[in-house]
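Each chain gets a letter, A, B and so on, in the order the sequences are listed, and its residues count up from 1. Values reported hereafter were calculated over all heavy atoms of this structure, with side chains retained and with hydrogens, waters and symmetry mates removed.
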2 protein chains.
Amino acid sequence: MNVTFNKRDPVYVQVIRHFKEQIATGTFEPGQEIPSRRELANRLKINPNTAQRAYKEMEEAGLIYTERNLPSKITKDEKILQSVRKELIMEAVDNFVHSVRSINVPVEEVLTLVKEKYESGREGDEA
Amino acid sequence: MNVTFNKRDPVYVQVIRHFKEQIATGTFEPGQEIPSRRELANRLKINPNTAQRAYKEMEEAGLIYTERNLPSKITKDEKILQSVRKELIMEAVDNFVHSVRSINVPVEEVLTLVKEKYESGREGDEA
DNA sequence: ACAAGTGTATTAATCGATTAATACAAACCA
DNA sequence: TGGTTTGTATTAATCGATTAATACACTTGT
């Protein structure tokens with residue numbers, strides 16, 4: 001549970017992003033308990049309401065669920081879990097293609113650059 | 001000179017981006033005159049100060065230059081002109097690779113998706 | 001000389017999302 | 001039972017970047 005915040009995006013957005021990445025990589029199991037709002041706030045040194053906001057949006061998106069006032073858990077819905085990965089990928093691809101298209105970069109050049117860049121930092125998996 | 005603004009990014013940032021794209025694609029020639037601040041503001045329906053801010057930042061970056069109070073012009077420095085394209089591309093590639101790495105997408109899958117997406121919308125050149 | 005168009009600088013207002021404060025309700029556990 | 005921990009809701013404050021208002025200086029062309 002290590003998150004480094006940039007100051008460009010809102011904290012709650014970055015928290016959501018972090019959870020989505022954990023889900024997409026399979027670090028979170030279906031049904032797994034996640035930290036309480038206050039617990040997460042303590043760990044990340046953020047305001048409890050900010051944690052709450054992140055959790056609330058994730059719950060509305062079906063990523064987590066809450067029964068009574070027990071600690072929230074990762075959804076067990078495999079469809080949703082898989083779609084998280086797909087959506088993260090598609091979003092990245094869409095943004096990227098849009099960017100390079102707007103400056104007329106040939107597709108071959110694009111592919112070469114991506115491949116090189118991807119393989120250049122190839123050790124372990126730092127986010 | 002057609003710009004569609006989103007409401008996520010500041011206007012002046014989008015204006016700069018627009019000019020950079022024009023430079024990167026060669027739509028602007030070295031030394032070419034560009035619209036005055038007020039003229040641009042009129043065309044784009046934005047505040048003159050917003051146009052000024054965009055121009056000021058572009059001037060600081062060496063993209064344009066101003067002699068006395070004549071209309072500003074695109075720089076003639078080929079080094080800078082070329083670097084604009086390179087930087088736009090590199091920025092896009094960096095962001096993209098970072099995104100897909102953080103969710104462990106294999107490079108082959110990434111390349112395939114980019115290629116497909118890139119070639120899917122293949123007609124004319126809409127930004 | 002004058003009018004209209006440049007670029008520039010200083011200062012102020014806006015504006016909205018984000019973050020925070022606080023209180024409430026329910027459940028669990030010792 | 002009582003204290004602690006859940007989740008939740010409502011409201012308020014903050015906060016900073018972005019945008020806007022205004023005035024000035026200079027040049028050009030008629």
Side-chain angles (χ1 to χ4, degrees), chain A residues 1 3-20 23 28 30-77, chain B residues 1 3-20 22-23 28 30-77 80:
Chain A
M1 188 65 65
V3 190
T4 57
F5 295 115
N6 67 58
K7 48 188 174 182
R8 179 168 180 75
D9 304 308
V11 173
Y12 76 93
V13 169
Q14 298 183 60
V15 170
I16 294 173
R17 171 89 195 181
H18 177 73
F19 273 84
K20 284 186 176 177
I23 290 175
F28 281 149
Q32 176 177 343
E33 251 187 34
I34 59 178
S36 78
R37 277 78 167 159
R38 291 170 179 87
E39 169 71 14
L40 183 75
N42 274 335
R43 290 197 207 171
L44 304 185
K45 309 296 180 194
I46 63 177
N47 190 284
N49 293 291
T50 303
Q52 160 64 3
R53 175 154 187 187
Y55 276 24
K56 184 181 182 184
E57 298 211 2
M58 288 196 285
E59 181 141 20
E60 285 169 353
L63 300 182
I64 65 176
Y65 67 96
T66 308
E67 290 170 333
R68 287 171 297 180
N69 49 358
L70 296 177
S72 302
K73 298 172 185 169
I74 300 293
T75 184
K76 294 174 182 169
D77 186 327
Chain B
M1 191 65 63
V3 191
T4 56
F5 295 114
N6 67 57
K7 50 185 174 182
R8 176 169 182 74
D9 304 308
V11 173
Y12 77 94
V13 168
Q14 297 182 62
V15 171
I16 294 174
R17 170 89 194 179
H18 177 71
F19 273 83
K20 284 186 176 177
Q22 304 294 304
I23 290 175
F28 280 147
Q32 175 176 345
E33 252 188 31
I34 58 178
S36 77
R37 278 78 168 159
R38 291 170 178 86
E39 169 71 15
L40 183 75
N42 274 335
R43 290 199 207 169
L44 305 186
K45 310 296 179 194
I46 63 179
N47 190 284
N49 295 290
T50 303
Q52 160 63 3
R53 174 154 190 186
Y55 276 24
K56 184 181 183 184
E57 298 211 1
M58 288 195 285
E59 181 140 20
E60 287 170 349
L63 299 181
I64 67 177
Y65 67 96
T66 308
E67 288 170 334
R68 288 170 298 179
N69 49 359
L70 296 176
S72 303
K73 298 172 184 168
I74 301 293
T75 184
K76 294 173 181 170
D77 186 329
I80 291 181

Query raised in the report: Hey, is the side chain of B:R38 pairing donor to acceptor with the base of C:dG5 inside 3.5 Å?
Result: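 When only heavy-atom distances are counted, B:R38 does not reach the base of C:dG5 through any donor-acceptor pair under 3.5 Å.
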Query raised in the report: Taking atom types as they are modelled, is there a donor-acceptor pair under 3.5 Å from the base of C:dA21 to the side chain of A:N49?
Result: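 Checked by distance alone, the answer is yes.
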For the pair made of [atom1] in [X] and [atom2] in [N], what is the distance, rounded to whole Å?
X     : N      : atom1 : atom2 : value
B:Y65 : C:dT8  : OH    : C1'   : 19 Å
A:I34 : D:dT5  : CD1   : P     : 19 Å
A:Q52 : D:dT6  : CD    : C1'   : 11 Å
A:E67 : C:dC28 : CD    : C1'   : 15 Å
A:E33 : D:dG7  : CD    : C1'   : 13 Å
A:K56 : D:dT6  : NZ    : C1'   : 17 Å
B:R8  : C:dG16 : CZ    : P     : 17 Å
A:K73 : D:dT6  : NZ    : P     : 14 Å

Please tell me if [X] has a side-chain N or O lying less than 4.0 Å from either OP1 or OP2 of [N].
X     : N      : answer
B:R53 : C:dT8  : no
B:T50 : D:dA20 : yes
A:R37 : D:dT8  : yes
A:T66 : D:dT6  : no
A:S36 : D:dT5  : no
B:Y55 : C:dG7  : no

Hey, is the main chain of [Y] close enough, under 3.5 Å, to the side chain of [X] for a donor-acceptor pair?
X     : Y     : answer
B:E59 : B:T66 : yes
A:N49 : A:Q52 : no
A:Q14 : A:N6  : yes

Requested in this report: Using heavy atoms to find the nearest nucleotide of DNA chain C for A:P10 and A:L70 separately, return the residue whose nucleotide is more 5′.
Outcome: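 That would be A:P10.
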Report task. Specify the residue among A:D9 and B:R68 whose closest nucleotide of DNA chain C lies further upstream toward the 5′ end. Result ->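 Counting from the 5' end, the first nearest nucleotide belongs to B:R68.
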Requested in this report: Please name the pair of heavy atoms, one in A:A54 and one in A:Y12, separated by the smallest distance, quoted to 0.1 Å.
Outcome: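 That would be CB-O, 3.9 Å.
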Query raised in the report: Closest approach of B:F19 and B:I34, non-hydrogen atoms and distance?
Result: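 Heavy-atom minimum between the residues: CE2-CG2, 4.1 Å.
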Report task. Take B:V11 and A:N69, find for each the nucleotide of DNA chain D with the closest heavy atom, and name the residue whose nucleotide sits nearer the 5' end. Result ->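 Here A:N69 is the residue nearer the 5' end.
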